[in-house]
Amino acid sequence: MMTTILERQPGVDSPYAWRLAFVSTFCIVLGGGALYLPVVALKEIAAEFGDRRAVPSMAYMLGFFAMGLGGVFMGWLADRTSPRVPLLIAGVSILAGGWLATRGTGEWLLYLGYMIPLGFLGNAATFTPALNNIQGWFERRRSTAVSLISVGPALSGVTWPQVYSWLLPRFGWRESLVIYGVVSGVLLFLCAFYVRASPMQRSKGTRPVEDLSALPMPSKVIMVLLGAAAFCCCAAMAVPFVHMVAFCGDLGLSPARGTEAISLILLTAVAATFAMGRLSDHIGPLRVSILCALIQITSLVGFVFVESLSGIYTLSVIHGIPYIAIVQGYALILRRLYGAAIAGWRLGVVMLFAMAGMAVGGWLGGAIFDVTLNYRAAFQAALAFNLLNLMLLGLLYLGGRRRTLASISM
């Protein structure tokens with residue numbers, strides 16, 4: 001009887017798998033919305049807390065770091081229950097978090113709301129479990145499905161800044177966050193009932209054990225290099241992104257121009273993620289990640305010197321190319337190295353470091369500005385992080401080449 005039930009379930013590469021990919025992406029768009037309020041309303045939030053830009057930057061940092069930490073837990077929970085369970089938790093938590101983060105006159109409730117219900121229990125439940133789950137639903141077009149999930153945060157960033165630009169003048173940042181919590185929380189809770197575990201998870205008894213013997217270097221070294229690289233690239237990535245609206249304001253441009261630049265980054269990221277996913281099928285995901293690191297270095301050098309709106313728009317397009325693609329590359333690298341038997345926690349750990357990098361980068365930009373009263377030093381710090389990212393990916397690439405050359409000589 002159990003066999004009959006399993007046979008009735010949708011299979012790999014089925015129409016349901018594609019529908020699930022779109023629903024999962026929609027859930028990621030909903031879950032990530034809270035993180036973009038401190039970006040769009042940075043000056044408004046700072047004005048209520050002593051005009052300190054480090055306050056909204058800290059809320060952003062805590063939200064991203066908690067998302068990464070919660071991703072490990074939610075990935076573990078989804079493996080042992082169902083990817084539906086984290087989404088049910090996210091729906092309730094985001095609804096509550098939008099209310100909690102806006103209640104106090106001090107910054108501590110803002111920090112607590114972003115860290116626990118909006119970050120650890122909310123946004124964390126949408127990305128890592130979905131990315132783990134969707135890879136088990138595809139064989140032929142896995143890179144395309146992974147790209148679709150990966151652009152979820154970018155689509156969230158395209159959508160919510162425009163929504164907040166409409167809400168903020170009418171309701172203020174506090175009520176805007178409450179509205180976000182109600183809308184996203186309810187929709188996430190409803191969408192959760194459509195989500196099913198992958199066929200591999202349903203047949204846990206046949207799940208193979210990881211084979212670490214074919215790795216190009218020790219598994220611990222690979223995880224350290226990928227985790228550190230993810231942290232550095234995302235720390236660099238976050239500085240211009242989080243502070244774009246405020247940076248444009250300092251140049252005498254309207255906040256709307258900064259919001260447009262953010263949307264330009266994310267729209268470029270959506271297109272580039274699919275292109276880089278296909279490119280990784282031909283040259284490998286590690287080489288694509290190195291290419292993305294080089295592109296991001298180009299944009300960060302430009303941000304150090306840019307002063308015109310046209311320059312900002314141009315650099316936003318360049319910065320958007322690796323914005324999601326480089327993180328997607330880490331998931332594809334892990335799958336390429338560890339195969340179908342990869343443990344779900346590995347992606348969660350790498351994503352934890354990536355989210356921690358986004359968190360630290362967003363906070364660091366505000367902290368450096370508060371000391372120097374300009375963003376040039378912050379962009380220079382971001383460039384240093386990106387150069388370190390390139391070095392770490394280079395070490396992983398060279399380690400793989402040495403293993404290949406050694407096997408050929410034998």
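Nothing here was measured: the structure is a model prediction, and the numbers come from that model.
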| More than 12 non-hydrogen atoms from neighbouring residues, nucleotides or ligands closer than 6.0 Å to CZ on Phe65, yes or no? | no

| request: Evaluate the side-chain proximity of Thr128 to Met74: yes if any heavy-atom separation is below 4.5 Å, no if none is. | output: no

| query | Is Cys248 close to Ile312 at the side-chain level, that is, under 4.5 Å between some pair of heavy atoms? | reply | yes

| said: Between Arg52 and Glu107, does the salt bridge (Lys or Arg N to Asp or Glu O under 4.0 Å) criterion hold? Intermediate values first, please. | reply: CA-CA 11 Å; Arg52 292 174 294 152; Glu107 61 263 34; 3.4 Å; yes

| task | Determine yes or no for a side-chain-to-main-chain donor-acceptor pair under 3.5 angstrom, with Tyr114 supplying the side chain and Ala34 the backbone. | result | yes

| field | Tyr16 six-ring face occupied by Arg196 cation (under 6.0 Å, within 45°) | value | yes

| task | Classify the side-chain pair Tyr313/Glu260 by whether it contains a donor and acceptor separated by less than 3.5 Å. | result | yes

| query | Gln380 side chain to Val304 main-chain N or O, any donor-acceptor pair under 3.5 Å? | reply | no

| request: Could you tell me if the ring centre of Tyr375 sits under 6.0 Å from that of His243? | output: yes

| More than 12 foreign heavy atoms under 6.0 Å from CZ of Arg103: is that the case here? | yes

| side chain to side chain contact (heavy atoms under 4.5 Å, CB included) evaluation trace for Leu291 with Ile326 | CA-CA 9 Å; Leu291 174 62; Ile326 194 169; over 6 Å; no

| task | Could you check if a side-chain atom of Leu253 sits within less than 4.5 angstrom of a side-chain atom of Phe247, using non-hydrogen atoms only? | result | no

| field | Leu266 side chain reached by Leu155 side chain, heavy atoms, under 4.5 Å | value | no

| said: Given 3.5 Å as the limit, does a donor-acceptor pair link the side chain of Ser280 with the main chain of Val288, or not? | reply: no

| field | Distance-only polar pair, side chains of Gln162 and Thr259, donor-acceptor under 3.5 Å | value | no

| Phe274 and Ser147: which non-hydrogen atoms are nearest, and at how many Å? | CD2-CB, 3.7 Å

| field | Side-chain touch Ile295/Met276, heavy atoms, less than 4.5 angstrom | value | yes

| field | Check: Gln296 main-chain N/O paired with Ser299 side-chain donor or acceptor under 3.5 Å | value | yes

| field | Residues, nucleotides or ligands: over 12 heavy atoms within 6.0 Å of Trp99 CH2 | value | no

| request: Decide if atom CH2 of Trp363 counts as having more than 12 heavy atoms of other residues, nucleotides or ligands within a radius under 6.0 Å. | output: no

| task | Check whether any side-chain heavy atom of Pro153 sits under 4.5 Å from a side-chain heavy atom of Ile324, and report yes or no. | result | yes

| said: Is it the case that over 12 heavy atoms from other parts of the model lie below 6.0 angstrom from the CZ atom of Phe385? | reply: no

| field | Donor-acceptor contact below 3.5 Å, side chain Ser82 vs main chain Val85 | value | no

| query | With a 4.5 Å limit on heavy-atom distance, are the side chains of Met244 and Ile265 in contact? | reply | yes

| request: Decide, yes or no, whether a salt bridge links Glu48 with Arg174 under the criterion of side-chain N to carboxylate O below 4.0 Å. | output: yes

| query | Which atom names give the shortest non-hydrogen contact between Leu87 and Ala192, and what distance separates them? | reply | CB-CB, 3.6 Å

| query | Is any side-chain heavy atom of Leu37 less than 4.5 Å from a side-chain heavy atom of Tyr60? | reply | no

| message | Would Leu100 and Leu112 count as a side chain to side chain contact (heavy atoms under 4.5 Å, CB included) here? Give the steps. | response | CA-CA 8 Å; Leu100 177 65; Leu112 181 64; 4.2 Å; yes

| message | Under 3.5 Å, is there a donor on one side chain and an acceptor on the other for Tyr194 and Arg84? | response | no

| Relative to each other, are the rings of Tyr180 and Trp160 parallel, tilted or perpendicular (30° and 60° limits)? | perpendicular

| task | Could you go through the side chain to side chain contact (heavy atoms under 4.5 Å, CB included) check for Leu300 and Met237 one step at a time? | result | CA-CA 8 Å; Leu300 291 172; Met237 184 184 297; over 6 Å; no

| Ring centres of Phe138 and Trp18 under 6.0 Å apart? | yes

| said: Can you confirm if the aromatic rings of Tyr323 and Phe241 lie within a centre distance of less than 6.0 Å? | reply: yes

| field | Check: Asn123 main-chain N/O paired with Thr126 side-chain donor or acceptor under 3.5 Å | value | yes

| query | Side chain of Ser219, backbone of Leu215: donor and acceptor closer than 3.5 Å? | reply | no

